[in-house]
Amino acid sequence: MSTSPDKNDKQAIKIALISAALIGLLAVAFILFLPLASAFVDQYFSAGLGLKDAAVIAFFVTVITLVIFAVAAGDGLLGELQFMLSGFFGFFLVLWLLIAWIF
C-alpha cells in the first residue's frame, strides 16, 4: 500500500487549513468571551465581608458548634472545659480567617 506524495501533500494541506480555521474560531470565541469573564470577575470577586464582620459570624458559628459538641459528648457544657476552650479558639481563628477570605 503505497500512497503517492501528492496525496500526502494534499492531506497535509487540508489538515493545516482545518487546524487554522479551528484556531481562528477559538480566537474569536475567546475575544467574545472576555466581556462575560470580566463581568463575572467584577461581580463575584468584589470586596466582600472584611475581618470585623467575619469575626462576628465566626464567633457565633463556633459557639453554636461547640455547644452541640458538648451536649452530644454527654459531659454537658462544663465537662472538659480546657479542651473546649482550646478548641474554641482554634476553631474560631480558622473560621474567622476563612470566612473573611472566601466572602
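Atoms considered below: every heavy atom in the structure, side chains included; atoms not considered: hydrogens, waters and symmetry mates.
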Check whether any side-chain heavy atom of Trp96 lies under 4.5 Å from a side-chain heavy atom of Ile57, and answer yes or no.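 Trp96 does not reach Ile57 side chain to side chain.
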Partner of Ser19 by side chain to side chain contact (heavy atoms under 4.5 Å, CB included), out of Leu17, Leu22, Ile15: Ile15
Single hit among Phe91, Phe92, Phe60 for side chain to side chain contact (heavy atoms under 4.5 Å, CB included) with Thr65: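 Only match with Thr65 under side chain to side chain contact (heavy atoms under 4.5 Å, CB included): Phe91.
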So, for Ala54 and Ile99, which heavy atoms are closest and what is the spacing to 0.1 Å? CB-CG2, 3.7 Å
Reported CD1-to-CD1 distance for the pair Ile18 and Ile23, which is rounded to 0.5 angstrom: 12.5 Å
Enter the distance from Gln11:CD to Lys14:NZ here, rounded to the nearest 0.5 Å.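 Separation between the atoms: 7.5 Å.
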